[in-house]
Amino acid sequence: MDARPLLTVSEVEKAFGGIHAVDRCSLAVLPKTITGLIGPNGAGKSTLFNIIAGLYRPDGGEIRFNGTRIDGLPPYEIVDLGLTKTWQIPHELRNLTVLENVVLAAKHNSGEHLLNLFARPRQVKADEKQWRARAREILKLTQLDGLANEHARALSGGQKKLLELSRALMSDPTLVLLDEPVAGVNPALAGSLMDLIENLRRGGRTFFLIEHDMNVVMNRCDWVIVMHQGRRIAEGPPESVRANATVIESYLGG
Amino acid sequence: MSDRPPPTSEIPWSGIVVFSVIGGIVLIGILSAAIAGATPKGILTNLGFYVSIAIVFAILALGFNLQWGYTGLFNAGIAGFYLIGAYVAAFAITPPAPPIIVGGVVVFPGHLGGFSLPLPVGMVLAMLAAGATAAVVAVPALRLRADYLAIATLAFAVILQIATTNLQSITGGSIGITGIPPPIQYEGTDAQFLNAMTLVGVGALILLASILVLQFMAESPWGRVLRAIREDEEATMALGKNTFNYKLQAFAIGGALMGLAGALYGVTLGYLSPASSFAPSVTFSVWVMVIVGGSGNHRGAIVGAFLIYGMEWISVQVRDQAVLGLAANYVLMRDVFLGLGVNALVALGLIFVLGRLRPGLAWAHPLALCRRSAVVRGVVLTAFAVYGVGWAFILVEQFAPSAVGDTIFYTRLMLIGVLLILLIVYRPEGILRERKRVLR
């Protein structure tokens with residue numbers, strides 16, 4: 001692991017009232033890996049993801065992505081740089097169709113600028129056509145193509161997770177933060193979802209994921225980071241983390 | 001399997017309801033005027049007024065629909081943007097109006113402006129002023145959570161209305177602005193009729209243009225981002241959209257449309273006064289129009305405007321015209337309603353007996369039918385409502401004849417309230433629901 005990290009989090013802090021959700025946490029994610037983030041409930045994992053994605057402003061510390069400092073940037077600029085996150089509880093846009101949900105996630109769709117609608121109607125049409133085709137490809141990949149024109153609210157819990165992933169892929173990210181991608185997904189689908197993620201990793205993308213399913217963490221991750229009470233308490237390859245006494249005590253149990 | 005539309009009833013009930021109710025409104029209007037002895041041209045002038053003002057409300061509803069129906073921004077200050085448009089246009093297009101002073105007392109205050117500009121210029125200025133104000137109000141207000149946005153905009157509208165009433169030297173104060181020129185100045189006996197028809201034409205053109213432009217904008221990738229913000233702003237932001245910019249644009253464009261409605265309103269009426277035309281109740285009416293008509297689609301906003309303003313208009317028509325005629329026929333009405341009641345009782349009794357004799361007959365179980373079919377339920381409810389209103393009318397007429405007109409006038413608020421409750425219970429998405437956008 002001699003590559004330079006894609007994402008570095010240094011001494012990041014976030015408090016809600018008296019609770020230090022993230023307490024001077026530092027970690028790094030190497031490019032083209034699947035890095036797992038585990039830890040007990042309330043360890044600050046989701047909060048850290050929200051901070052990295054720009055949805056929360058950290059109280060202190062520094063975050064660098066691809067060399068650029070991103071803490072304090074609004075979420076849409078972070079997406080622009082190539083970092084996208086999915087939600088633990090799916091945030092599907094309920095009354096939009098599945099296809100609309102995915103097309104919406106495209107970056108640089110000229111029709112999303114009001115003036116272009118009037119000034120460059122042709123380019124708007126061409127762009128939209130191209131993005132729709134791309135969205136359909138992604139939906140085929142995530143096996144949602146049969147539901148493209150259904151309202152997103154009609155999807156099952158597991159399908160909504162797939163929709164989250166589809167939208168994340170649509171923005172063509174370098175790094176994807178996945179918040180519990182397989183929680184609530186049936187084992188067969190979870191398996192194919194993780195296969196898909198491994199394939200995409202081979203294609204050059206990096207995944208940083210929170211997961212409680214030890215099967216996924218131990219078998220699919222290259223590197224595992226353990227958080228407890230807002231701090232990183234251990235990290236390493238899955239086998240070594242599994243053997244770590246502190247981790248067993250705080251999370252995995254005897 | 002996904003390409004098949006979901007099963008829907010073959011009969012377009014929503015369309016039938018819309019057309020029959022609006023048709024009913026027009027019919028009652030014509031009847032009222034006829035009872036009062038109006039000429040055909042008088043009746044048309046009257047109807048033209050209804051259509052013109054309904055168009056003004058339709059444009060207001062379109063503006064609010066873009067803000068709330070598409071983007072989820074609950075604007076409670078519609079009346080404020082409407083007021084700005086109305087006054088800016090009036091300043092631009094009216095001739096100069098210095099105050100008239102009789103014996104040292106200002107009998108008729110002047111107002112700002114008096115530029116005698118052409119109507120289209122006035123309308124563009126109204127849109128720019130209202131749109132710019134909306135943008136300025138939006139910058140702080142859109143950072144607030146939804147319910148606080150409503151409070152902030154409501155406060156804005158109320159402040160504006162009070163300021164307009166009191167800034168006499170600029171706005172003409174509570175007397176307002178008179179002598180706003182119509183689109184075309186007619187002379188002669190038919191002037192009123194011709195003016196009404198011109199206003200309907202101008203209004204219809206503006207409404208049509210607004211719909212076309214809005215449809216083009218809102219059903220584009222841009223509009224899709226607005227709908228995404230309505231569904232979940234945080235998620236939309238995490239999908240890489242600068243949601244604040246979109247909200248600002250939607251709010252400003254909606255505000256500009258409200259300004260356009262204001263300009264049209266001033267021209268239609270020929271005068272402006274801030275007391276009732278720009279009260280918060282205007283805002284509430286527009287909400288009801290969009291909720292009843294169905295949010296998230298332009299047709300719904302227009303239908304809602306014609307329906308709800310139609311109810312207001314009818315109540316005025318009935319008060320001013322029909323009551324005189326109907327009161328004279330009080331005995332006839334009483335007999336008709338009595339007869340209807342007796343007949344209904346007999347019919348119910350027969351159905352009951354038949355149901356006992358032939359248990360297999362579905363139609364002989366009215367309650368079971370009511371439970372099973374929404375249509376039967378609707379018909380029965382409507383019948384009871386008509387019957388009840390009829391009797392209420394007769395009773396009030398019997399005990400307080402002079403109060404009938406006012407009673408009907410104020411009953412409209414109650415009726416609108418009942419309609420709103422029924423609609424929210426049975427059809428929360430409004431008469432015309434938002435369509436699913438099937439992308440190819």
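Just so we're on the same page: letters track the sequence lines, and every chain starts at 1. Here the structure is a predicted model, which means the values were calculated and not measured.
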Interface residue of largest heavy-atom contact number with chain A, from B:Arg437, B:Glu234, B:Lys241, under 4.5 Å |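 Top option by heavy-atom pairs under 4.5 Å: B:Lys241.
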Leading residue by heavy atom contact count with chain A [cutoff under 4.5 Å; candidates B:Val438, B:Asp232, B:Asn242, B:Leu226] |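 It is B:Asn242.
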Determine which residues belonging to residues 249-263 of chain B lie within contact range of chain A, meaning some heavy atom pair is under 4.5 Å apart, and list them by number or answer 'none'.
->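 Within residues 249-263 of chain B, near chain A: B:Gln249, B:Ile253.
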Contacts with chain A made by residues 217-225 of chain B (heavy-atom distance under 4.5 Å), listed by residue number =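 Those residues of residues 217-225 of chain B which have a heavy atom under 4.5 Å from chain A are B:Met217, B:Ser220, B:Pro221, B:Trp222, B:Arg224, B:Val225.
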Return the orientation label for the B:Trp68 and B:Phe64 ring planes: parallel under 30°, perpendicular over 60°, tilted otherwise.
->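 Rings of B:Trp68 and B:Phe64: parallel, as their planes differ by under 30°.
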B:Phe74 and B:Trp287 aromatic ring geometry - parallel, tilted or perpendicular at 30°/60° bounds |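 Taking B:Phe74 first and then B:Trp287, their aromatic rings sit tilted (interplane angle of 30° to 60°).
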Is it true that the NZ or CZ of B:Arg143 lies under 6.0 Å from the centre of B:Phe244's six-membered ring and within 45 degrees of the ring axis?
->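 Yes, B:Arg143 lies over the aromatic ring of B:Phe244.
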Between chain B and each of A:His113, A:Met170, A:Glu128, A:Lys129, count heavy-atom pairs under 4.5 Å; write down the option with the most.
->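 Heavy-atom pair counts peak at A:Glu128.
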Using a heavy-atom cutoff of under 4.5 Å, enumerate the residues of residues 87-106 of chain A that contact chain B, numbered in order, or state 'none'.
->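 Those residues of residues 87-106 of chain A which have a heavy atom under 4.5 Å from chain B are A:Trp87, A:His91, A:Leu93, A:Arg94, A:Asn95, A:Leu96, A:Thr97, A:Leu99, A:Glu100, A:Val103, A:Leu104, A:Ala105, A:Ala106.
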Interface residues of residues 62-82 of chain A facing chain B - heavy atom cut-off under 4.5 Å |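 Expected list: A:Pro75, A:Tyr76, A:Val79.
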Given A:Arg134, A:Arg205, A:Lys107, the one that forms salt bridge (Lys or Arg N to Asp or Glu O under 4.0 Å) with A:Asp172 |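 Output: one option passes, namely A:Arg205.
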Could you tell me whether A:Lys161 and A:Glu180 have a side-chain N and a carboxylate O separated by less than 4.0 Å?
->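 No, A:Lys161 and A:Glu180 are not salt-bridged.
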Do B:Arg230 and B:Glu434 sit within salt-bridge range, that is, some charged N less than 4.0 Å from a carboxylate O?
->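 Salt bridge: yes.
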Would you tell me whether A:Asp179 and A:Thr86 have side-chain atoms, one donor and one acceptor, within less than 3.5 Å of each other?
->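 Their side chains do not contain a donor-acceptor pair, so the 3.5 Å distance test is not met.
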